[in-house]
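Read the numbers this way: they start at 1 and go in the same order the structure lists the ligands and their atoms.
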Amino acid sequence: MTDNKKQLNPDTVTAQALGWLEESHKGVIPGIFPSTTYEREPDGDYPSGRVYSRDHNPNYDQPEKILCELEQGSDALLFSSGMSAALAVIQSLRPGDHMIAPQVMYWSLRKWLVTVGASWGIDMSFVPNGDVAALKAAVLPGKTKLLWLETPANPTWVIDDIAAWAEVAAEAGACLAVDNTVATPLLTQPLSWGADIVMHSATKYLNGHSDVLAGALITKKDDDFWEKVKVNRNAGGAVLGPFEAWLLLRGMRTVSLRVQRASENALTLARHFHTHSGVEEVLYPGLPSHPGHEIAARQMTGGFGGMLSVRIKGGEGAAMAAAAKLDLFKRATSLGGVESLVEHRASIEGEGTPCPPDLLRLSIGIENVQDLIEDMEQALGGN
Ligand code: PLP
């Protein structure tokens, strides 16, 4: 393997997958290594440095190293899903530790926090997104150990200032972990704004083809907290299979082109539909009317991402009817794939959701944007 020492740009890092070669045949693509175990020398040594596949599968090395490069971290870990990556961080807390998260965030994680997390003794506070004063007020000196942030936040795409959260975390002596799934490392690098850990549902943009469930964590420092996270992966065993790691790497090679195209398409759609007679509001941080636009413009470079939501005039019934009429957009959950998806989030999230009932979440793919506009136009009944 050759490790490229020159600091390369993210699109080169991903396209070349660091330029690593598969050692035995000099292939430009790695093999798939299914072995779960590795031979020990007669003297007891492990000459390959690998013991057992739960931590040491060779198919993890390249994607983890690429993620370190993209996020400017010192270490990275792959997981079997975004949720297992997030839980490896949260389960590093001790009963009685206090954690703060924003009110709008990935719903399943929030649900876990208020149900299982609470029953395990994690003391939770949720603060309104975009309200740093509320965040500061929520800190419990000596008790607050983890600040969890997601920006843009699913599904209303509210924006939080990572640097401001990092300042609060540092003052509290807490770890700041940022779910960077939606922005991707191509558009935002949370560690450079002061975060300690970055989390990805690699199921989404990093893979990009809706055919792998995967998660990742990247750390700024290899400290005691990260040691606990590593133990959680190894002992918890929520690891990725070698084939899935290989597929993830294949997807990551085109992430830069996909994210760029999805962002351009999303911005075009947001601009087109925000004055549409059938639309109450378009929620997209790339629009100057979005309350978080100024922070997003500073924090995100190269685009505002491929996720946007539209609030349909006429309420929940009208939103459901519009979703039913869409043809190119597939009615499915998830995001970050090459194909565009639509989802009525409130009915998926259920009781207690902060998501408005008239909201349709759109994951914008890499199709021709004119085709997407026409599909939405016909679903909204023309202009
Ligand atoms: N974070 C965000 C922002 C997500 O959208 C999701 C899944 O939709 C997750 C985390 C969880 O990831 P996974 O489905 O890979 O477990």
### Query
Where the side chain of Ser340 meets the backbone of Gly365, is there a donor-acceptor pair that is under 3.5 Å apart?
yes
### Query
Are there more than 12 heavy atoms of other residues, nucleotides or ligands under 6.0 Å from atom NZ of Lys136?
no
#### Entry: Region of Leu109 engaging ligand 1 - heavy atom pairs below 4.0 Å
neither
### Query
Side chain or backbone of Ala214 under 4.0 Å from ligand 1, or both, or neither, by non-hydrogen atoms?
backbone
### Query
With only distance considered, is Asp179 within less than 3.5 Å of ligand 1 through an N or O on each side?
yes
### Query
Quick one: does Leu87's side chain get under 4.5 Å of Leu109's, heavy atoms only?
yes
### Query
For atom 15 (O) of ligand 1, which candidate among Leu213, Thr151, Thr203, Asn207 holds the nearest heavy atom?
Thr203
### Query
Counting both backbone and side chain atoms, is some N or O of Val182 under 3.5 Å from an N or O of ligand 1?
no
### Task
Could you tell me whether Arg110 sits above the aromatic face of Phe126, with NZ or CZ closer than 6.0 angstrom to the six-membered ring centre and within 45 degrees of the axis?
yes
### Task
Could you verify whether a donor N or O on one side chain and an acceptor N or O on the other, from Asn232 and Ser92, lie under 3.5 Å apart?
yes
#### Entry: Whether Asn57 side chain and Phe33 backbone form a donor-acceptor pair below 3.5 Å
yes
### Heteroatom proximity flag, Met199 to ligand 1, N/O under 3.5 Å
no
### Summary
Quick note on ligand 1: atoms under 4.0 Å from a heavy atom of Leu335 include exactly 5 (O)
### Task
Can you sort out which atoms of ligand 1 are near Asn154, meaning under 4.0 Å from one of its heavy atoms?
3 (C), 5 (O)
### Summary
re atom 16 (O) of ligand 1, the protein heavy-atom contact at minimum distance is Met83 N, 2.8 Å
